[in-house]
Peer 1: 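Structure below; questions to follow.
Given the structure is predicted, the values throughout are model-derived calculations rather than measurements.
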Amino acid sequence: MTSPIPPRPTRRRRSVLAAGALLIGALTAATACSTASDSSDDSAKDSAKNAADATSSGTPAASGTVLQVVAAENFWGSIAEQLGGDHVKVTSIITNPDADPHDYEPTAADARTMATARYAIVNGIGYDAWATKLVDANPSAQRSVLTVGDLVGIKDGGNPHRWYSPDDVHRVIERITADYKKADPADAAYFDSRKTDFENRTLGEYNSLISGIRTKYAGTPIGASESIVSPLADGLGLKMLTPYSFLSAISEGSDPTAKDKTTIDHQIAAGQIKVYVYNSQNATPDVQAQVKAAKAHGIPVATVTETLTPAGASFQQWQVAQLKGIEQALAKATGK
């Protein structure tokens with residue numbers, strides 16, 4: 001199980017227009033695109049640490065091209081960096097585990113990073129509207145943008161936490177690789193080799209845990225604190241009993257209804273759920289009360305986080321640790 005970290009304040013959707021004038025000024029001064037390895041004021045955010053588990057591709061490089069890539073969040077940035085190897089320089093804007101991607105207010109340095117990128121990855125689905133604003137503020141015909149929500153067919157108002165959907169993760173991997181090959185066709189074989197290695201070896205334990213949990217524990221009823229858990233529960237074949245209206249309210253920073261809280265209290269007291277999974281980065285008083293009640297009733301508790309934890313972890317390190325925690329909780333709850 002991942003170690004809980006201090007919870008963030010309850011999130012509330014708010015405008016990112018406060019920094020608008022500063023950002024527009026930075027964008028106007030920035031170059032439209034770049035494939036060089038220029039440094040920026042935000043170079044400390046370089047997501048090189050996220051590739052700790054990646055290995056060098058066996059396919060030799062055909063060119064010296066280095067694509068400048070920016071990811072709004074480091075979970076997508078980690079994947080993008082490992083797929084691109086020596087032919088990309090990835091900067092992730094959200095890298096601090098305590099930062100809330102919903103409410104993040106970008107800096108002028110973030111704006112310059114986005115403006116000079118050849119390739120940008122944003123989550124979409126209303127999750128990081130600030131990132132879309134950065135892209136739109138300085139359009140460039142030479143920059144391509146991957147909006148994950150558009151790729152997987154989820155519109156605003158849907159569940160934005162697609163990095164917790166194993167199927168969607170693999171769709172993103174396919175798309176990033178295709179986009180790299182389009183931007184740098186001379187190194188297409190290199191990118192194909194990186195993708196094959198990443199999916200079959202680097203994500204080997206991640207894939208194995210998902211398959212094993214789904215095979216062994218499919219249909220097991222669970223409860224959760226917010227909607228971030230829903231795509232993962234679907235991918236693992238677990239049965240989510242928590243009302244989605246409660247999951248969504250906690251995720252959006254809204255107050256859950258008394259009816260939903262009563263329903264969950266009953267589910268815990270009656271042992272209707274076997275495991276409770278909560279986001280330790282967003283442990284509101286209601287969530288903390290449910291965690292306490294679950295433990296008091298002997299229901300195993302597992303944790304997840306919204307962004308890479310600990311700082312510097314790769315996507316696979318982070319996800320594998322969480323999956324192992326959920327697997328252990330399921331084993332304890334079911335005796336399997």
Peer 1: When you check the side-chain N and O atoms of Asp260 and Ser245, is any donor under 3.5 Å from an acceptor?
Peer 2: yes
Peer 1: When you compare the side chains of Thr263 and Gln267, does any donor N or O come within less than 3.5 Å of an acceptor on the partner?
Peer 2: no
Peer 1: Val172 vs Val169, test: side chain to side chain contact (heavy atoms under 4.5 Å, CB included). Steps then yes/no.
Peer 2: CA-CA 5 Å; Val172 170; Val169 167; 5.8 Å; no
Peer 1: So, Thr334 side chain and Leu330 main chain: donor-acceptor pair closer than 3.5 Å or not?
Peer 2: yes
Peer 1: What is the minimum heavy-atom distance between Lys182 and Pro185, and which atoms define it?
Peer 2: O-CD, 3.6 Å
Peer 1: Apply side-chain hydrogen bond (donor to acceptor under 3.5 Å, both in side chains) to Tyr276 and list each qualifying residue two or more places apart in sequence or on a separate chain.
Peer 2: Gln290
Peer 1: Output yes when a side-chain donor or acceptor of Glu73 lies under 3.5 Å from a complementary backbone atom of Ile94, and no otherwise.
Peer 2: no
Peer 1: For Val229 and Val304, what are the C-alpha separation, side-chain angles and deciding distance, and is it a side chain to side chain contact (heavy atoms under 4.5 Å, CB included)?
Peer 2: CA-CA 8 Å; Val229 183; Val304 296; 4.2 Å; yes
Peer 1: Please check if the side chain of Gln281 supplies one atom and the backbone of Glu306 the other of a donor-acceptor pair under 3.5 Å.
Peer 2: yes
Peer 1: Does any pair with a residue in residues 203-241 pass ring-ring contact (aromatic ring centres under 6.0 Å, His included), and if so which ones, sequence neighbours excluded?
Peer 2: Tyr206-Phe315
Peer 1: When you compare the side chains of His170 and Asn207, does any donor N or O come within less than 3.5 Å of an acceptor on the partner?
Peer 2: yes
Peer 1: Measuring only between side-chain heavy atoms, which start at C-beta, is Ile222 closer than 4.5 Å to Lys239?
Peer 2: no
Peer 1: Where do Pro300 and Gly298 come nearest, in terms of heavy atoms and distance?
Peer 2: CD-O, 3.4 Å
Peer 1: Could you check whether any side-chain N or O of Ser208 sits under 3.5 Å from a backbone N or O of Gly204, counting only pairs where one atom can act as donor and the other as acceptor?
Peer 2: no
Peer 1: Would you mind reporting whether Ile210 and Leu323 have side-chain heavy atoms less than 4.5 Å apart?
Peer 2: yes
Peer 1: Between Arg175 and Asp179, does at least one N-O distance fall below 4.0 Å, as a salt bridge requires?
Peer 2: yes
Peer 1: What pair of heavy atoms forms the shortest contact from Thr147 to Gly124, and how long is it?
Peer 2: CG2-CA, 3.9 Å
Peer 1: Do Ile125 and Lys155 make a side-chain contact, defined as non-hydrogen atoms from C-beta onward lying under 4.5 Å apart?
Peer 2: no
Peer 1: How far does CD1 of Ile228 sit from NE2 of His161, to the nearest 0.5 angstrom?
Peer 2: 4.5 Å
Peer 1: Any side-chain donor paired with an acceptor under 3.5 Å for Ser254 and Glu252?
Peer 2: no
Peer 1: Evaluate the criterion ring pair (Phe, Tyr, Trp, His ring centres under 6.0 Å) for residue pair Tyr164 and Trp318; output intermediate values, then yes/no.
Peer 2: CA-CA 11 Å; Tyr164 270 105; Trp318 171 54; 5.6 Å; yes
Peer 1: Would you say NZ of Lys336 has more than 12 non-hydrogen atoms from neighbouring residues, nucleotides or ligands within 6.0 angstrom?
Peer 2: yes
Peer 1: With a 4.5 Å limit on heavy-atom distance, are the side chains of Pro231 and Asp168 in contact?
Peer 2: no
Peer 1: Rounded to the nearest 0.5 Å, what's the gap from CD on Glu199 to CD1 on Ile79? Could you check?
Peer 2: 10.0 Å
Peer 1: Would you check if Gln322 and Thr303 make a side-chain contact, meaning some heavy-atom pair closer than 4.5 Å?
Peer 2: no
Peer 1: Only pairs at least two apart or in different chains count here, so list each ring-ring contact (aromatic ring centres under 6.0 Å, His included) that has a residue in residues 235-261.
Peer 2: none
Peer 1: Is Thr309 reaching over with its side chain to a backbone N or O of Thr305, donor-acceptor style, under 3.5 angstrom?
Peer 2: no
Peer 1: List the atom of Gly223, the atom of Thr242, and the distance in Å for their closest heavy-atom pair.
Peer 2: CA-OG1, 3.2 Å
Peer 1: Which residue in the set Leu203, Leu83, Asp192, Thr202 passes side-chain contact (heavy atoms from CB on, under 4.5 Å) when paired with Asp197?
Peer 2: Thr202
Peer 1: Please check if the side chain of Arg118 supplies one atom and the backbone of Gln142 the other of a donor-acceptor pair under 3.5 Å.
Peer 2: yes
Peer 1: Please check: side-chain N/O of Ser92 versus main-chain N/O of Thr95, any donor-acceptor pairing under 3.5 Å?
Peer 2: no
Peer 1: Check for a donor-acceptor pair, side chain of His297 on one end and backbone N or O of Ala293 on the other, with a separation under 3.5 Å.
Peer 2: yes
Peer 1: Can you tell me how far apart CD (Gln317) and CD (Glu205) are? Round to the nearest 0.5 Å.
Peer 2: 10.5 Å
Peer 1: Identify the two heavy atoms, one from Ala294 and one from Val301, that lie closest to each other, and give their separation to 0.1 Å.
Peer 2: CB-CG2, 4.0 Å
Peer 1: Between Pro101 and Thr307, which heavy-atom pair has the shortest distance, and what is it?
Peer 2: CG-CG2, 3.8 Å
Peer 1: So, Asn123 side chain and Pro160 main chain: donor-acceptor pair closer than 3.5 Å or not?
Peer 2: yes
Peer 1: Between Leu308 and Asn74, does the side chain to side chain contact (heavy atoms under 4.5 Å, CB included) criterion hold? Intermediate values first, please.
Peer 2: CA-CA 7 Å; Leu308 299 183; Asn74 60 1; 3.4 Å; yes
Peer 1: Please round to the nearest 0.5 Å and tell me the distance separating atom NZ of Lys89 and atom CG of Leu67.
Peer 2: 12.5 Å
Peer 1: Drop me the distance from Asp286's CG to Ile264's CD1, to the nearest 0.5 angstrom.
Peer 2: 8.5 Å
Peer 1: Please enumerate all residues that pass side-chain hydrogen bond (donor to acceptor under 3.5 Å, both in side chains) together with Trp163, with sequence neighbours excluded.
Peer 2: none
Peer 1: Does any N or O in the side chain of Arg112 come within less than 3.5 Å of the main-chain N or O of Thr107, such that one atom is a donor and the other an acceptor?
Peer 2: no
Peer 1: Would a 4.5 Å heavy-atom cut-off, applied to side chains only, mark Pro221 and Gln272 as touching?
Peer 2: no
Peer 1: Take Thr116 and Arg143 through the side chain to side chain contact (heavy atoms under 4.5 Å, CB included) test and state the conclusion after the steps.
Peer 2: CA-CA 9 Å; Thr116 58; Arg143 182 180 63 235; over 6 Å; no
Peer 1: Do Phe75 and Gln319 have side chains that get closer than 4.5 Å, going by heavy atoms?
Peer 2: no
Peer 1: Could you check Tyr190, Tyr180, Tyr119 and say which one makes a ring-ring contact (aromatic ring centres under 6.0 Å, His included) with His87?
Peer 2: Tyr190
Peer 1: If you round to the nearest 0.5 Å, how far is CD1 of Ile213 from CG of Leu238?
Peer 2: 7.5 Å
Peer 1: So, using side-chain hydrogen bond (donor to acceptor under 3.5 Å, both in side chains) as the criterion, who are the partners of Glu327 when residues are at least two apart?
Peer 2: none
Peer 1: Taking only residues two or more places apart in sequence, or in another chain, which ones meet Arg214 in a side-chain hydrogen bond (donor to acceptor under 3.5 Å, both in side chains)?
Peer 2: none
Peer 1: Is there side-chain contact between Lys324 and Leu209, with heavy atoms separated by less than 4.5 Å?
Peer 2: yes
